[in-house]
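These notes concern the structure reproduced below.
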Amino acid sequence: MSGLFTLATQLQELNQTLAGKHNDRASRHAVRAGLETHVGEFKMARKMSDVQIRDLFQGQALVGVDGSVNQFGGNYPYTIQLFKALAKSTMPSRDGSGRTSVEKVELFSPLRKDDYKKIREFMEENRHNLTVTPQDEQEITRELAEGQAYAMLMDQNMVALELDVAIDALKQFQPRVMLMDGGFSRLKGKGGEKWDEFVETALLYGTVIVGVIEEVGSYRLQSRLDKQLLEGFVRGHDREILFGLLEQGEWLKTSIEKPIKNEFYTVFTRLSDLPQAGACDFLREQYDQVDDVIDFLYTVTPDKSRGIPLWLDIVDAEVRLTKKQIDLMIKTNLDQAHIETFFRPQRERRDF
Amino acid sequence: MQIVGTTTQLEAWVASRTRKFHINEILIIEDSEHRDPKAEVVETKTFNKYIPLASEQNNFVDESVLRGLRQVGFEIEDEEINLAKVRLLEELATPIRVGAHVRVPQFFEVEKLLVKRRPSEGLTFGVIQGTREVSQGMPEDLQHVALVFDKETGVGEQTGVPFVFDYRSMDQYPHIGIFGGSGSGKSFGLRVLLEEIMLKQVPAVVFDPHFEMTFDQEFPDLPDHYRQSFKKKFTVLDAGTDIGIEFSELISDDIVSLLRASSGSITDAMETAIKSVHKSRDSYLSFSTRLANLAEALDNEQDIRKSYKEQEYLNPDELERVRTLHDLLVKYKDKVGAFSGTLRSVMRRLHRLEMEGVFTSAGTKLVEEAFMKRQLVVIRGSMYFLNVFAFYVVRKLYRKRRDYRDSIQKGKPIEEKFPPFVIITDEAHNFAPKGDVPAPAKGVLKEIAQEGRKYGVFLVFATQRPALLDDTITAQLSTKLVFRTVRSVDIAVIKEETDITPEEAARLPYLSSGTAFISSAITGRTNSVRIRVSKTTSPHFKNPFEELEEGFAEQDAKLWEAIEPSLPIDASNLNAYLTEISRKAGRLLTYNELEHALEDFAEQGLLDKISTPFGARYKKA
């Protein structure tokens with residue numbers, strides 16, 4: 001019990017520090033003024049009427065894209081990754097098949113020879129990005145480096161799969177708007193050529209692509225604000241600055257001339273009644289459509305939700321594999337002996 | 001349709017995106033390893049994962065959001081998933097294959113299961129629920145035999161496969177129970193059953209305490225092909241007029257139970273007195289005279305004993321009387337005690353029955369005649385009366401039938417043919433109550449319940465309260481029609497006495513009127529059946545309050561007709577009009593009544609009341 005007591009005391013001290021900081025903080029008004037001077041204008045999104053929505057979409061679909069990755073097993077290399085990416089359209093495919101979604105799945109495991117080869121190749125190509133330098137003669141560093149390379153490769157795989165379904169969906173549904181779960185930086189950074197193809201295709205069909213970010217993780221705003229405005233913040237990340245700053249439905253329309261991210265156009269939003277702000281990434285080429293799309297997103301985001309459009313929530317629910325599903329699939333398709341030998345982590349055997 | 005989730009050797013879930021499941025429908029699971037087993041839907045569900053119950057984690061989504069998505073082509077309602085829990089008709093050795101395709105069977109695939117008899121050979125009760133789709137492609141003779149009635153839309157087409165009860169198998173699985181609360185459709189079901197019995201010309205006797213079992217009024221708005229006349233197929237008899245108890249056929253035990261039934265309870269002393277004094281083949285007169293004499297003898301015991309010793313002083317008449325009374329004293333005093341009150345109580349009770357017409361020489365002759373014509377006999381009377389009669393009528397008919405069968409069996413000469421028959425009663429718990437509650441007919445009914453099938457005598461017992469019905473009898477009912485039942489004690493009895501599943505038992509309080517679970521050893525499984533529309537209807541009883549309105553309006557109109565010719569009428573001189581108006585009205589009116597009526601008519605605006613120097617005057621308005 002005494003240990004818990006000590007922890008509680010320390011938590012209270014932390015709370016004190018945070019509270020102290022908070023009191024020093026510049027007024028909400030001042031911060032808003034600062035943002036308005038240096039970043040962009042605050043705008044109020046409108047809930048669109050049925051007619052307005054139909055005018056915007058012109059009979060075209062809305063597509064949401066999301067991916068899920070599930071790991072089964074213990075530490076590298078005794079592990080299996082299951083990838084699933086889904087692009088779901090609100091309208092059936094134009095090819096007459098009646099399909100309303102594109103789905104792709106992939107399995108990856110270092111225990112498979114080909115996959116292992118990929119890891120090795122990836123490691124060689126990305127030596128400079130690894131924190132551990134692989135030395136073949138040293139078992140431990142080699143494994144560590146492989147593990148790191150593996151983690152990076154997995155990220156890349158997920159992005160590639162998501163972009164694959166997104167590109168397919170663009171071709172099949174030619175939607176008016178496509179919502180991606182998460183920002184563009186990750187997609188571009190890890191997608192490489194696929195990202196370029198994706199952007200090209202979207203521009204070809206005139207599909208507005210949006211990267212919906214439910215929790216802002218960037219820290220771009222502080223560089224724009226005066227020092228004294230930032231004093232009251234603990235770290236000054238964007239999420240901290242924007243918390244409670246926007247009214248419900250309000251968004252910060254950043255200036256196109258002074259972009260938050262160089263390659264894209266990013267705006268900050270508050271689409272539901274949660275005070276935490278989100279963000280949306282757009283292509284700079286599609287800047288002129290941002291106002292309408294934000295209005296639409298605001299319309300299809302439930303008031304009492306985590307602040308992302310319902311359609312993405314639906315896609316998210318559909319793409320996710322539940323633990324039960326995975327367990328069932330693994331157990332029915334792998335021999336129990338193999339599961340025990342390779343994959344069952346000890347911690348699953350805990351009795352309490 | 002596909003099997004989903006976890007299955008067992010008996011149960012599984014079936015899912016479909018597009019098709020809603022019907023409760024009780026039969027589906028075929030295409031699991032070739034198990035030779036495509038059949039299953040019945042026992043529970044249905046529909047859900048939409050995007051419209052969950054609102055909870056802390058799952059907020060109900062704003063309508064405006066759904067409207068917005070609808071504009072871009074997404075109908076959240078289309079995401080509905082239909083689920084059905086199915087139970088196999090026969091258990092398998094291993095679980096059902098998950099993922100197996102499921103389909104609606106063709107009629108011929110389930111024909112054997114659903115139709116045990118053709119309508120021409122069985123009793124058509126109604127339509128098996130959940131068979132609408134299957135019934136496509138049903139042969140001609142199964143169609144249009146069970147029309148259904150709906151309060152909103154009236155008489156409608158047959159909506160599935162008919163349920164045809166194989167009554168000929170009752171020799172193996174005898175007796176039928178009909179359970180259900182008021183308004184459940186139980187009486188309706190009983191009527192349909194009786195109609196079917198009449199159509200098959202099975203002799204039957206119905207005890208009808210509610211005076212509702214007549215079959216000469218046709219159900220309104222039936223299509224021509226469905227209409228049928230039952231006028232020659234039944235006879236109505238009034239207990240106490242058309243049938244009675246022949247006293248000479250009673251044994252002392254019968255008299256005891258008769259009196260017990262008619263007057264609630266009798267004392268031990270009374271019972272002893274009856275058993276001692278009654279002689280076999282006694283007529284009502286001989287028995288009651290003996291009782292009266294004995295009572296008199298007990299009252300005047302000393303005088304009689306004295307007179308008996310001094311016989312020489314008596315004239316012949318008196319001598320005769322004294323001797324008779326003395327003999328009675330000698331013979332019975334030890335047995336009945338010295339108190340004449342006991343005998344007088346017995347006499348009073350017997351006399352009451354006699355006055356009510358219970359003891360007539362009519363006997364059961366008319367019933368027997370009707371039986372020979374293969375008719376249905378309806379015996380009407382108050383509950384109390386029927387209880388007294390049922391025991392006598394049932395026992396007599398049962399004995400006749402038994403004697404006839406026995407003599408055939410033993411190869412004895414046959415004196416009188418007697419047909420097999422069915423005994424039917426509503427409020428059966430009054431005739432054969434559970435436990436120690438005495439009821440005169442209980443003994444013989446129990447005997448029939450246990451032995452009746454040997455002789456071709458069957459029971460149809462309807463009751464609202466199966467929990468109050470004698471256990472032995474309940475256990476012998478091989479077929480049960482269970483309508484809506486609300487009381488938990490009754491549901492408990494039904495659960496115990498039928499093969500109804502827990503899911504079905506849970507549905508009992510909510511069954512719609514006219515729908516019943518038919519659990520039968522003959523069909524082997526429980527069917528949910530919508531009872532067909534009856535071809536006849538019970539005699540229309542006017543709503544008492546409507547009757548009141550109409551009755552009074554009629555009287556007003558009559559009075560108005562009588563008054564009208566005499567107008568204008570002077571209030572000061574009403575007596576002068578009374579005779580004339582009374583004559584026209586056809587009844588004697590009083591001064592007050594006429595005055596009252598004139599005031600009423602003035603109020604209704606039919607008359608004008610004008611003041612004159614000689615008092616008020618009523619003029620036609």
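To find a chain, count down the sequence lines: A is the first, B the second, and so on, and within it residues start at 1.
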More than 12 heavy atoms of other groups within 6.0 Å of [X] [atom1]:
{"X": "B/Arg70", "atom1": "CZ", "result": "yes"}
{"X": "B/Glu157", "atom1": "CD", "result": "yes"}
{"X": "B/Arg87", "atom1": "CZ", "result": "yes"}
{"X": "A/Gln58", "atom1": "CD", "result": "yes"}

Distance check, rounded to the nearest 0.5 Å: [X] atom [atom1] versus [Y] atom [atom2]?
{"X": "A/Lys47", "Y": "B/Arg67", "atom1": "NZ", "atom2": "CZ", "answer": "10.0 Å"}
{"X": "A/Ile53", "Y": "B/Leu69", "atom1": "CD1", "atom2": "CG", "answer": "8.0 Å"}
{"X": "A/Met48", "Y": "B/Gln71", "atom1": "CE", "atom2": "CD", "answer": "10.5 Å"}

Got a list of side-chain donor-acceptor pairs under 3.5 Å for residues 308-317 of chain A, not counting sequence neighbours?
residue	atom	partner	partner atom	Å
A/Trp311	NE1	A/Lys88	O	3.0
A/Asp313	OD1	A/Arg306	NE	3.2
A/Asp313	OD1	A/Arg306	NH2	2.6
A/Asp316	OD2	A/Arg320	NH2	2.7

Check your understanding: Does B/Val72 offer a backbone N or O that forms a donor-acceptor pair with the side chain of A/Thr90 under 3.5 Å?
Key -> yes
Exercise for review: Please state whether the side chain, the backbone, both or neither of A/Ser89 comes within less than 4.5 Å of a heavy atom of chain B.
Suggested key: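 A/Ser89 has no heavy atom closer than 4.5 Å to chain B.
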Review point. Is chain B contacted by the side chain of A/Phe296, its backbone, both, or neither, given a heavy-atom distance below 4.5 Å?
Key: side chain
Point to revise | Qualifying residues under ring-ring contact (aromatic ring centres under 6.0 Å, His included), relative to B/Phe149, sequence neighbours excluded | key: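 Testing B/Phe149 for ring-ring contact (aromatic ring centres under 6.0 Å, His included), a comparison that skips the adjacent residues, returns B/Phe219.
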Point to revise | Top contributor to chain B contacts, counting heavy-atom pairs under 4.5 Å, from A/Leu56, A/Leu62, A/Asp303, A/Val177 | key: A/Asp303
Point to revise | Shortest non-hydrogen contact between B/Val65 and A/Val300, atoms and distance | key: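 That closest heavy-atom pairing would be CG1-O, 3.3 Å.
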